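Here the structure comes first, spelled out in structure tokens, and everything after it is commentary.
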Amino acid sequence: MEYDPKTPQYLTSDPSSFGYVSARERWPVIITSAIDDLHRTVADVTDEEKRKEGKTIIEELAKLKYEIQHDRKLTPLPDDGQPGVAEYNQELEQRGTPSWQNASWLFSECYLYRRISTLFAMSKNWKGYDVFSRQKMSTFKSSRPAVLELAARYHELALHAQKGKGVDGKAAEEIEQADRLLFSEMCEICLWGNATDLSLLTSLTYEDIQKLQGSKARKAAEENILVNDLDAAFDVLAKAQKEKKDGERRVDIVLDNSGFELFVDLILAGYLLSAGLATTVVLHPKVIPWFVSDVTPRDFMDLLNALADAQGFYTAPDETGHEYEPLTEKELAEVRFLFEQWSEFHSEGKLVIRPHAFWTAGGSYWRMPYVAPDLFEDLKQSELVLFKGDLNYRKLTNDAAWDPTTPFTTAIGPLGPSSGIRILSFRTCKADVVVGLKPGEDEKLRETQGGNDPKARKWAWSGKYAVISFCDGKA
């Protein structure tokens, strides 16, 4: 806490904050879903010892739900042999052992998922079990139309990029402009892919998910990007491409959600490598199941296995028994191209997966230089670090109640100017914190999108609006 800014964080006790809604409405629903998932798995277990232990974990999850709903105190984490327990417990003590409905929203939400993780880490038969995995893959399956659309478009783009530039006589300036447009579109696809954050999908239907992910929806939503620094980020990559043509040029992506969004992140990574805008892409997943849908190393394998047998995955009957049309030969070929290219990039060391325990700590990224100096130094080696999604944005800014006109470069503190790290953060707004807005913009949005509570920044809760913010810490 000593490295955090003085600006206060959002609290779960503030009725005008989305943290208030999360603690009382979203978290119990999320835990109920976890209980339901484990019930289904336990029902198919034949080993009596494992079955009994699974039922015990279900009981512990139910107790956790009760604690939240009845505003009990957050209790110290048991030592489960995994990183971060001492740090969580120390901060819990420093914060005066708060209750669920009167705590830092950021810390208590991180603590919630770390607490769930201990139940499985301390078990004998359920270590590594992800209560969210079934939901992640179900949502990825429901993304079939968007997956096939992007696979087809990417196939053409990658083949064009791999043929080499200038073969058709285009001027260098014209080629760079085309690359700029493609980079922007890829990033915007990544941005709106985050519209399917599973922790918020408590009421969306299959059709709603499809609408969020179609290209028409993305075009219509462009006007809702309130801050857009994509050009500045592209300039950095284009300059490095010219000045370090034969040298190492690395791009990092700090991941957010799995399933369709991970698919889109891999599309972006593949494009950066195919177009020569990067020579290496390093992907940063979480080490434990986190915020329902965040990427873990296992999620990579689940997604790649699904693409390796796309026909089987996408045509298998769902839980209701509904059957799906087979994929065409063309669709299968386009998905196969992705699978083979990504596998090749990974085997060549161009696509790297690098988890770190810091990403599931309870605090903000303001602490990184001091508590995770190895990670901080590593990120300095990158030309550009992309932070995906709402939680990463909240952690970059300490989920603090900044004035919305505060510059992004100020709100990210030690990761800002002179940090040695170039940051591009893109997120659809699903929390109160937002910075870098023009004077009067927040007030206007509150008036038109604010509902019946003038104190609440409700326009920033739904994912309808987005920000893409850049800081050149190497300048």
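Small disclaimer: the values here were computed from a predicted structure and weren't measured. Along the sequence shown, the residues carry numbers beginning at 1.
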Any donor-acceptor N or O pair under 3.5 Å, side chains Y10, S104 = no
Short N-O contact, K136 and D299, less than 4.0 angstrom | yes
Quick one: do Q341 and Y154 satisfy side-chain hydrogen bond (donor to acceptor under 3.5 Å, both in side chains)? Show the steps, please.
-> CA-CA 11 Å; Q341 190 196 59; Y154 178 78; 2.6 Å; yes
The single option from V435, D256, D399 passing side-chain contact (heavy atoms from CB on, under 4.5 Å) against Y393 | V435
Cation-pi, F300 ring and R298 (6.0 angstrom, 45 degrees) = no
Are S469 and D229 close enough that a side-chain donor and a side-chain acceptor fall under 3.5 Å?
-> no
When you look at Y465 and V434, which way does the side-chain contact (heavy atoms from CB on, under 4.5 Å) test go after all the steps?
-> CA-CA 11 Å; Y465 294 92; V434 63; over 6 Å; no
So do T41 and Y129 actually touch side chain to side chain, heavy atoms under 4.5 Å?
-> yes
Partner of Y365 by side chain to side chain donor-acceptor pair (under 3.5 Å), out of N392, T397, N398 = N392
Looking at side-chain heavy atoms only, is the closest gap between L226 and L445 below 4.5 Å?
-> yes
Taking the six-membered ring for Trp and the full ring for Phe, Tyr or His, determine whether the centres of F234 and F183 are under 6.0 Å apart.
-> yes
Do you know which two heavy atoms are closest between I57 and S123, and how far apart they sit?
-> CD1-CB, 4.1 Å
Any ion pair linking K244 and E383 (charged N to carboxylate O, less than 4.0 Å)?
-> yes
Regarding W192 and E188, is there a side-chain donor-to-acceptor distance under 3.5 Å anywhere?
-> no
Got a second to check how far I412's CD1 is from C471's SG, nearest 0.5 Å?
-> 4.0 Å
Closest approach of Q101 and Q69, non-hydrogen atoms and distance?
-> NE2-O, 3.6 Å
Mind checking whether F291 and Y113 have ring centres under 6.0 Å apart?
-> yes
By ring pair (Phe, Tyr, Trp, His ring centres under 6.0 Å), Y111 pairs with (sequence neighbours left out) W100
Only one of P355, P83, S117 forms a side-chain contact (heavy atoms from CB on, under 4.5 Å) with I288, so which one is it?
-> S117
Between W461 and F18, does the ring centre distance come in under 6.0 Å?
-> yes
Please identify each residue that fulfils side chain to side chain contact (heavy atoms under 4.5 Å, CB included) with V282, with sequence neighbours left out.
-> R250, D252, T280, H284, V352, R354
